[in-house]
Novice: 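Below is one structure. I have some questions about it.
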Amino acid sequence: MKITQSEIVISAVKPDQYPDDGLPEFALAGRSNVGKSSFINKMINRRALARISSKPGKTQTLNFYILNEALYFVDVPGYGYAKVSKSERAAWGKMIETYMTGRVPLKAVVLIVDLRHPPTNDDIMMYDFLKHFDIPCLVVATKADKIPKGKWQKHMSVTRRALQIEDGDDLIIFSSETGLGKKEAWDFIMEKMQEA
């Protein structure tokens with residue numbers, strides 16, 4: 001999909017702030033600093049629509065980006081960041097759960113993990129959460145350019161095993177540097193958009 005128009009329309013914290021146009025939505029989940037902003041920017045060919053922060057834990061709202069007036073990417077707060085207070089983390093958790101379990105236009109969640117490292121407990125909990133609520137999911141293992149190509153399969157196996165990825169769920173390798181995996185990610189999104 002060629003993105004010719006993209007902008008952030010709202011940073012929401014509760015349902016009455018969500019867009020009400022009914023366009024399909026794709027949420028992006030992952031731990032702080034895993035590369036969600038880089039993923040968004042690569043997918044839409046923009047350098048800095050999603051701000052990449054050197055400080056993890058910056059995203060504290062649900063950020064709705066509208067693309068081509070046709071769909072939304074929804075960046076949710078990164079999890080697993082220690083410097084955030086327990087009460088703040090609990091509030092984010094509640095906000096994310098409310099959104100993901102009750103949002104009708106949500107077509108799927110893109111779970112972003114770091115290919116270089118085994119998935120964290122938080123990654124595993126997020127995948128289990130998506131499975132529990134029967135939310136379609138694509139697992140994107142990013143930062144592939146940081147490890148030799150010959151080791152990709154080994155790292156993919158570690159990710160697949162740790163998350164216990166179910167048959168029918170896709171796992172793709174991605175690099176925001178080279179664009180590797182971008183076409184596969186868009187194929188998944190387009191397929192989900194066609195589904196009623």
Side-chain angles (χ1 to χ4, degrees), residues 1-9 23-54 56 58-59 62-79 100 105-119 123 126-127 130 135-160 162-163 165-166 168-195:
M1 184 175 194
K2 189 165 182 348
I3 301 298
T4 54
Q5 177 270 339
S6 54
E7 62 182 312
I8 184 164
V9 289
L23 292 175
E25 295 170 5
F26 294 86
L28 307 163
R31 62 182 177 71
S32 296
N33 262 16
V34 77
K36 284 193 288 127
S37 299
S38 301
F39 174 82
I40 294 170
N41 290 332
K42 191 66 188 176
M43 289 290 283
I44 63 179
N45 294 323
R46 285 278 293 271
R47 283 201 104 105
L49 179 66
R51 288 202 180 76
I52 297 161
S53 170
S54 55
K58 269 306 244 192
T59 304
L62 300 168
N63 293 332
F64 287 79
Y65 298 92
I66 191 165
L67 311 178
N68 287 6
E69 305 286 340
L71 74 152
Y72 288 97
F73 276 178
V74 185
D75 189 10
V76 307
Y79 48 74
M100 288 186 180
L106 179 65
K107 294 291 186 186
V109 172
V110 177
L111 175 58
I112 299 177
V113 297
D114 189 330
L115 184 64
R116 299 170 302 174
H117 309 294
D123 293 327
M126 178 54 85
Y127 183 76
L130 297 173
I135 300 167
C137 165
L138 169 68
V139 181
V140 171
T142 193
K143 309 198 188 213
D145 51 281
K146 304 276 195 283
I147 51 176
K149 193 174 179 181
K151 295 190 173 168
W152 286 353
Q153 285 311 318
K154 183 178 145 220
H155 285 260
M156 290 269 279
S157 297
V158 169
T159 300
R160 198 178 287 283
L163 292 177
I165 292 179
E166 295 184 5
D169 280 351
D170 289 333
L171 167 62
I172 63 170
I173 326 182
F174 193 88
S175 164
S176 53
E177 292 293 317
T178 66
L180 174 79
K182 180 177 167 181
K183 180 190 178 298
E184 290 80 355
W186 271 120
D187 287 349
F188 170 86
I189 288 166
M190 299 309 290
E191 189 184 309
K192 291 295 171 202
M193 281 177 70
Q194 308 308 319
E195 293 174 7

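This one's a predicted model, so the numbers in the text were calculated from it and none came from an experiment.
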Novice: Can you tell me how far apart CD1 (Ile112) and CG (Leu28) are? Round to the nearest 0.5 Å.
Specialist: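 Between atom CD1 of Ile112 and atom CG of Leu28 there are 5.0 Å.
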Novice: Is Phe39 close to Val110 at the side-chain level, that is, under 4.5 Å between some pair of heavy atoms?
Specialist: yes
Novice: Please determine which of Lys192, Glu195, Gln194 meets the side chain to side chain contact (heavy atoms under 4.5 Å, CB included) test together with Lys107.
Specialist: Lys192
Novice: Under a 4.0 Å threshold between the charged nitrogen and the carboxylate oxygen, would Lys146 count as salt-bridged to Asp114?
Specialist: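 No, this pair does not count.
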Novice: Counting C-beta onward and ignoring hydrogens, is there a side-chain heavy-atom pair between Tyr127 and Val113 closer than 4.5 Å?
Specialist: no
Novice: Evaluate Trp186 against Phe26 for ring-ring contact (aromatic ring centres under 6.0 Å, His included), listing each step before the verdict.
Specialist: CA-CA 11 Å; Trp186 271 120; Phe26 294 86; 8.2 Å; no
Novice: Given the rule in the side-chain contact (heavy atoms from CB on, under 4.5 Å) test, do Met43 and Leu67 qualify, once you have shown the distances and angles that lead to the verdict?
Specialist: CA-CA 10 Å; Met43 289 290 283; Leu67 311 178; over 6 Å; no
Novice: Report yes if some heavy atom in the side chain of Lys36 is under 4.5 Å from a heavy atom in the side chain of Phe73; otherwise report no.
Specialist: no
Novice: Minimum heavy-atom separation for Lys143 to Val34, with atom names?
Specialist: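 In this case the closest contact between Lys143 and Val34 is CE-O, 3.3 Å.
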Novice: So do Leu163 and Asp123 actually touch side chain to side chain, heavy atoms under 4.5 Å?
Specialist: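 Contact flag for Asp123/Leu163 side chains = yes.
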Novice: Is there a side-chain contact between Pro136 and Leu130 in this structure, where contact means two heavy atoms from C-beta onward sitting under 4.5 Å apart?
Specialist: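 Side-chain contact under 4.5 Å: no.
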Novice: Which atom names give the shortest non-hydrogen contact between Pro77 and Leu62, and what distance separates them?
Specialist: CD-CD2, 4.2 Å
Novice: I'd like to check Ile135 versus Met100 (side-chain heavy atoms, cut-off strictly below 4.5 Å). Are they in contact?
Specialist: yes
Novice: Looking at CG of Leu111 and CZ of Arg31, how far apart are the two atoms once the value is rounded to the nearest 0.5 Å?
Specialist: 11.0 Å
Novice: What pair of heavy atoms forms the shortest contact from Ile173 to Met156, and how long is it?
Specialist: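 Answer, listing the atom of Ile173 first, then Met156: CG1-SD, 3.3 Å.
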Novice: Run Glu184 and Asp170 through side-chain contact (heavy atoms from CB on, under 4.5 Å) and show every step you take.
Specialist: CA-CA 10 Å; Glu184 290 80 355; Asp170 289 333; over 6 Å; no
Novice: If you define the side chain from C-beta out and look only at heavy atoms, does anything of Val139 sit under 4.5 Å from Asp169?
Specialist: no
Novice: Which heavy atom of Ala29 sits nearest a heavy atom of Met126, and at what distance?
Specialist: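 Heavy atoms of Ala29 and Met126 come nearest at CB-CE, 4.1 Å.
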Novice: Which pair of non-hydrogen atoms, one from Glu177 and one from Lys42, has the smallest distance, and what is that distance?
Specialist: O-NZ, 4.0 Å
Novice: Go through Leu71 and Leu23 one step at a time and tell me if the side-chain contact (heavy atoms from CB on, under 4.5 Å) criterion holds.
Specialist: CA-CA 5 Å; Leu71 74 152; Leu23 292 175; 5.6 Å; no
Novice: Atom CD1 in Ile165, atom OG1 in Thr159: separation rounded to 0.5 Å?
Specialist: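 Ile165 CD1 to Thr159 OG1: 7.0 Å, rounded to 0.5 Å.
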Novice: When you look at Ile172 and Leu138, which way does the side-chain contact (heavy atoms from CB on, under 4.5 Å) test go after all the steps?
Specialist: CA-CA 8 Å; Ile172 63 170; Leu138 169 68; 4.3 Å; yes
Novice: May I ask you to test the Asn45-Lys182 pair for a side-chain heavy-atom distance under 4.5 Å?
Specialist: yes
Novice: What are the two closest non-hydrogen atoms of Ala27 and Val76, and how far apart are they?
Specialist: CB-CG1, 4.4 Å
